[in-house]
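Working notes for the structure below.
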Amino acid sequence: MEGTVCHLLLTVCSPGATIRRNEETGEIYIARVIHGGLADRSGLLHPGDQLVEVNGSPVVGLEPEQVIKILINSQGTILFKIIPDAVQSNSVHVLLHVLLSVRCLCGPWWTTAPFRTPPSPALTPGVAFSRADLLEVVDQSDGYWWQARKLPCTTSCAGLIPSASTLKSKQREQWWSQPLQVHTCIQPREHSFRLWRRTSFRRRRQSCTTCTPSGSGLSTPYEEVTLYQRPPQENHRLIILVGASGVGVNELRKRLIKMNPSTFQGPVPHTTRPIRPEEQTGREYHFVSKELFEYMVCNHRFVEYGESKGHLYGTSSDAIDDVLKRGRMCIVDVEPHSILSLRTRKLKPYVIFIKAPSSERLRETRKNARIITNYTINRAFTDDFSEVEDSSQLIEAKYKQFFDCTLVNDDLQDACMQLCSIIQQAQDEPQWIPVSWTRTED
Ligand SMILES: Nc1ncnc2c1ncn2[C@@H]1O[C@H](COP(=O)(O)OP(=O)(O)OP(=O)(O)O)[C@@H](O)[C@H]1O
């Protein structure tokens, strides 16, 4: 049989290509060449080329598994006889470029590599990835399987990842095949009732966007991202701190602002409670009537709001804007589900997850810590440590795709210093953000 002979020196068992079989003729074809792999670097194999012989053995009529066996058992130089695809041989070989970078919003799906790609088993390693991972997609020519590298790149060789549509149908399949489960949304702890942070749980029924098949987690399995550096003339990015109740989110926020009040500031919350003699409107709170507060609620002006002892409290998006317009860095401390409504082109939030150290470390470091409810010091931390640790893990598992950075709040002083430098980097150095945040509004 006519054909071109090409040699590949196999140092590993994979030449970096997948094959497919024409079921009618039994002919074996190169299905895809993995970007950066051996075949790609050699420039000898192309998708569509017919594989006629491997090491002198004809492969026509063989099952792909049998061909793969021959390849796996081959060491050193391997001899392919191929009939080049007419279209390919007439075309100029174009180097593959990075098509897009994405962040995985769901999963975990493929946490082990390699995997086999239907319909034919492949010799290609899959990229092991999980939720929140960054992937550099280099080939989307196949509707089912894309080629990608995990960022930061440690290898030039790409691997296969499921395309967005494959992942979506897998997600749906998995969601519907699961037995009815107890709702896993994170619940607040009873003592967790910070006036401007935790109150929203008391009042509003929270809808969970990740526990339903039509939720946002399922509609976009990958989010296209790009590196972004804030231009100096633009507002600072909003800094969001999230963490389990009691982990120290508010303590860190307060310390940060106290350390440098001309740089860091929190938004001034609104309340319907009467003003106290030592207070000043617009400083501690914006004191407003119940009617105005409810009007603002109806107009979706609050990021979070709630009720305490018959009075309403809330943090408005205007209050956040006020801080940013003054050229300061706005630090907010919100419930994890509120991240979704704050992820906007205008605010370009940078989300820092304040993670709990182990319960043993919590016990050691929180000896003087107090559980605070409505400005009244209630009691010391007693047996809450494993609860804080568990809740922290739950939040991380559920929302980590939205976290830009994780900070363990172990030693308070250290955590505060680290937080400061993380925020500075977030404002001054390139960071991954969704591409949609960089598009100009129509
Ligand atoms: N790293 C730390 N070491 C020691 N104590 C800490 C540390 N971080 C926070 N604390 C203390 O733990 C207690 C709870 O912290 P904080 O009020 O900030 O919790 P929170 O995460 O905002 O939760 P909540 O909103 O439910 O109050 C406070 O007494 C605080 O001073």
Side-chain angles (χ1 to χ4, degrees), residues 185-204 206 239-259 264-267 269 271 284-285 302-309 313-315 330-339 342 351-396 398-399 403 405-423:
C185 292
I186 291 127
Q187 295 299 319
R189 296 187 328 162
E190 195 49 39
H191 68 68
S192 147
F193 194 34
R194 196 163 295 288
L195 289 183
W196 75 285
R197 180 183 172 208
R198 309 291 186 187
T199 44
S200 54
F201 276 104
R202 291 287 168 110
R203 181 85 191 268
R204 282 195 294 185
Q206 299 301 323
I239 302 295
I240 301 180
L241 306 182
V242 282
S245 178
V247 78
V249 179
N250 195 47
E251 180 70 44
L252 284 170
R253 192 185 68 89
K254 279 192 305 192
R255 281 181 176 240
L256 199 68
I257 294 169
K258 204 170 161 196
M259 224 160 61
F264 305 116
Q265 202 182 321
T271 183
E284 286 82 6
Y285 289 99
F302 288 114
V303 173
E304 283 187 343
Y305 72 94
E307 193 183 314
S308 170
K309 292 185 178 167
Y313 296 85
T315 302
C330 185
I331 320 286
V332 294
D333 158 13
V334 295
E335 290 297 334
H337 62 83
S338 298
I339 298 172
L342 289 166
V351 183
I352 304 169
F353 174 54
I354 309 298
K355 187 175 170 150
S358 66
S359 47
E360 291 75 38
R361 281 300 294 158
L362 280 169
R363 197 177 297 278
E364 280 167 34
T365 54
R366 268 58 169 185
K367 290 205 171 90
N368 302 318
R370 312 295 295 174
I371 287 167
I372 301 165
T373 306
N374 286 1
Y375 291 127
T376 315
I377 297 174
N378 270 6
R379 61 181 172 88
F381 259 92
T382 48
D383 54 352
D384 310 77
F385 303 112
S386 47
E387 204 186 322
V388 173
E389 192 189 12
D390 291 350
S391 171
S392 180
Q393 284 169 0
L394 204 59
I395 292 173
E396 187 175 25
K398 202 169 177 70
Y399 292 97
F403 302 159
C405 186
T406 295
L407 169 68
V408 179
N409 184 15
D410 191 329
D411 177 80
L412 190 53
Q413 201 64 30
D414 281 358
C416 214
M417 288 304 155
Q418 282 181 51
L419 184 60
C420 223
S421 80
I422 290 169
I423 292 175

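Keep in mind the model is a prediction, meaning the values are calculated, not measured. Nothing fancy with the numbering, it's 1 onward along the sequence. All ligand and atom numbering here is 1-based and tracks the order in the structure.
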First locate atom CD1 of I395, then atom CD of E335, and finally report the distance between them rounded to the nearest 0.5 Å. 7.0 Å

Between atom CD of Q418 and atom CD1 of I352, what is the distance when rounded to the nearest 0.5 Å? 10.5 Å

Does any N or O of ligand 1 fall below 3.5 Å from an N or O anywhere on D411, backbone included? no

Should you measure from each heavy atom of S245, which atoms of ligand 1 turn up under 4.0 Å away? 23 (O), 24 (P), 26 (O)

If we only count N/O pairs under 3.5 Å, is L252 in contact with ligand 1? no

Check: A356 main-chain N/O paired with S392 side-chain donor or acceptor under 3.5 Å: yes

Mark up the atoms of ligand 1 that fall under 4.0 Å of a heavy atom belonging to D410, in ascending order. 1 (N), 2 (C), 3 (N)

List ligand 1 atoms under 4.0 Å from L412, heavy atoms only on the residue side. 1 (N), 2 (C), 3 (N), 7 (C), 8 (N)

Is there a donor-acceptor contact under 3.5 Å linking the side chains of S338 and E304? yes

For ligand 1, note which part of I354 has a heavy atom under 4.0 Å away: side chain, backbone, both or neither. neither

d(L241 CG, L419 CG) to nearest 0.5 Å is 6.0 Å

Considering distance alone, does some N or O of D333 sit under 3.5 Å from an N or O of ligand 1? no

For ligand 1, which atoms, with element, lie under 4.0 Å from some heavy atom of T365? 3 (N), 4 (C), 5 (N)

Proximal atoms of ligand 1 relative to A244 (non-hydrogen, under 4.0 Å): 21 (O)

Evaluate ring-ring contact (aromatic ring centres under 6.0 Å, His included) for F353 paired with Y399, printing each intermediate quantity in order. CA-CA 9 Å; F353 174 54; Y399 292 97; 9.5 Å; no

Short list, please: which atoms of ligand 1 are under 4.0 Å from a heavy atom of G246? 14 (C), 19 (O), 20 (P), 21 (O), 23 (O), 24 (P), 26 (O)

Is a donor on one side and an acceptor on the other found under 3.5 Å between the side chain of R366 and the backbone of V247? yes

SB check R363 E360 (cutoff 4.0 Å): no

One residue to check: A415. Relative to ligand 1, which of side chain, backbone, both or neither has a non-hydrogen atom less than 4.0 Å away? neither

By number and element, which atoms of ligand 1 are closer than 4.0 Å to a non-hydrogen atom of V249? 18 (O), 20 (P), 21 (O), 22 (O)

